[in-house]
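Shown next, in C-alpha cells, is the structure this report addresses.
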Amino acid sequence: MESLEAELEQARNLEVAALADAIEAIGFECTRCGACCKAGETACGEDGDDAPEPHTATVFPDEIRDLQAAGDYDFRDVARPMPYGLHEGADGPEGETFEWALQTDDCGDCTFYAEDDAGVGACTVHADRPLICKTYPFSVALGGTSQPMGEAVDSVSLDPEAAGDEAVRLDAHECEGLGRDIDRDHAEELAGALKERAVRELEEAIGVRDNYAPANPEGEVVVHDSEGAKRPDGTAYEE
Ligand code: SF4
C-alpha cells in the first residue's frame, strides 16, 4: 500500500491535460437531474421500508467556512458529522467519525438543493459548492487505494504502463450525464478541479492522521478532522 505522502506526490504530479483527455474520452454533460444532490430514489413523504439513505457528500473544514460566509449560515446549517463509524446510542448517534458531510434536509436531500415549481432542481450555493460537487461524477484513483465514491461504472487509465489497480485512473460514477459530448474548456475546468480535489483529500487525510488523539465520546459524537477533534457544532472537543 502506498503511503498517503506518496499518493499526495502522485496527486500533485497529475497532468491536467491528461485528465481532461480522459474526461473527454468518457464524456459528460450535466442534465440537471439533481440525482447527485438528493437522497435515494424514494421521494420525500412516501412511506415504506425502503426509505432512502440521506445524501452524503464530504465537505472539508475550510469549505464549511466558505459556505457559512456565503449565506451567513451557522455551522450546523452547512455540515453534519459523516455518519460512517457512528452507532445508535440511548440518546441518538454516538462515536467517532473522520469527515464532515453536507447537511441534509428532512427529505435527506442536500440542504442547498432546491426545486422550482416545475420540479427543476438547482444548487443554491453554486459558486461556493464544495469540490466534490464541482467534480461529480468523476474521481481520481491513485495507487490502488480504496476510493470514496463507491464503485466506478467507467474508468480510463492515466498511466497505461502501470498494471491493474496500481494504475492512476480517472473513474466515473453512476450518472445519467455520462457519455455525452463535452467541450475542451469544460473538460479542462473539470480536470483542474479534480486535481485540486485529489490533493485536498490527501492533505486532509494526512492532517486527520497526524492530529488524531482517541476520544471517549460516551453519548456524544466527535468528528476528527485535519484541525483536530470537534463537536457536531464545529467547536473544539475537549474531554
Ligand atoms: S452543495 Fe449544491 S451541488 Fe453540492 S450536493 Fe448540495 S445542492 Fe448539490
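As the structure lists them, so they are numbered: ligands from 1, and atoms in each ligand from 1. Keep in mind it's a predicted model, so treat the numbers as computed, not measured. The basis for the numbers below is simple: all heavy atoms, side chains too, and nothing from hydrogens, waters or symmetry mates.
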Check whether T235 reaches the backbone of R231 with its side chain - one donor and one acceptor, N or O, closer than 3.5 Å.
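Such a contact is absent between T235 side chain and R231 backbone.
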What is the nearest protein non-hydrogen atom to [atom], stated with its residue, atom name and distance?
atom                    : value
atom 6 (Fe) of ligand 1 : C110 SG, 2.3 Å
atom 8 (Fe) of ligand 1 : C37 SG, 2.3 Å
atom 2 (Fe) of ligand 1 : C123 SG, 2.3 Å

Got a sec: does the NE2 of H126 have more than 12 other heavy atoms crowding it under 6.0 Å?
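Open: at most 12 neighbouring heavy atoms sit under 6.0 Å from NE2 of H126.
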Are side-chain N/O atoms of Y237 and E96 paired as donor and acceptor at under 3.5 Å?
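Distance-only check fails for Y237 and E96.
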Ignoring hydrogens and geometry beyond distance, is a side-chain donor-acceptor pair present between D105 and T111 at under 3.5 Å?
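The criterion, which ignores hydrogens and geometry beyond distance, is not satisfied for T111 and D105.
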Using a strict cut-off of 4.0 Å, indicate which atoms of ligand 1 neighbour a heavy atom of Y113.
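With Y113 as reference, the close atoms of ligand 1 come out as 7 (S).
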Per-atom contacts of ligand 1 with F112, taking only distances under 4.0 Å to non-hydrogen atoms
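Within the 4.0 Å cut-off of F112, ligand 1 contributes 7 (S).
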For ligand 1, does H55 get within less than 4.0 Å through its side chain, its backbone, both, or neither, judged by non-hydrogen atoms?
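The answer is the side chain.
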Would you say atom 4 (Fe) of ligand 1 has C133 as a near neighbour, meaning an N/O/S atom of that residue under 2.8 Å away?
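For C133, the answer is yes, given that an N, O or S atom comes within less than 2.8 Å of atom 4 (Fe) of ligand 1.
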Over all atoms of both residues, closest heavy-atom pair of Y113 and G121:
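What the structure gives for the nearest pair is OH-CA, 3.3 Å.
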Looking at V223 and E99, what are the two nearest heavy atoms and their distance?
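That would be CG1-O, 3.6 Å.
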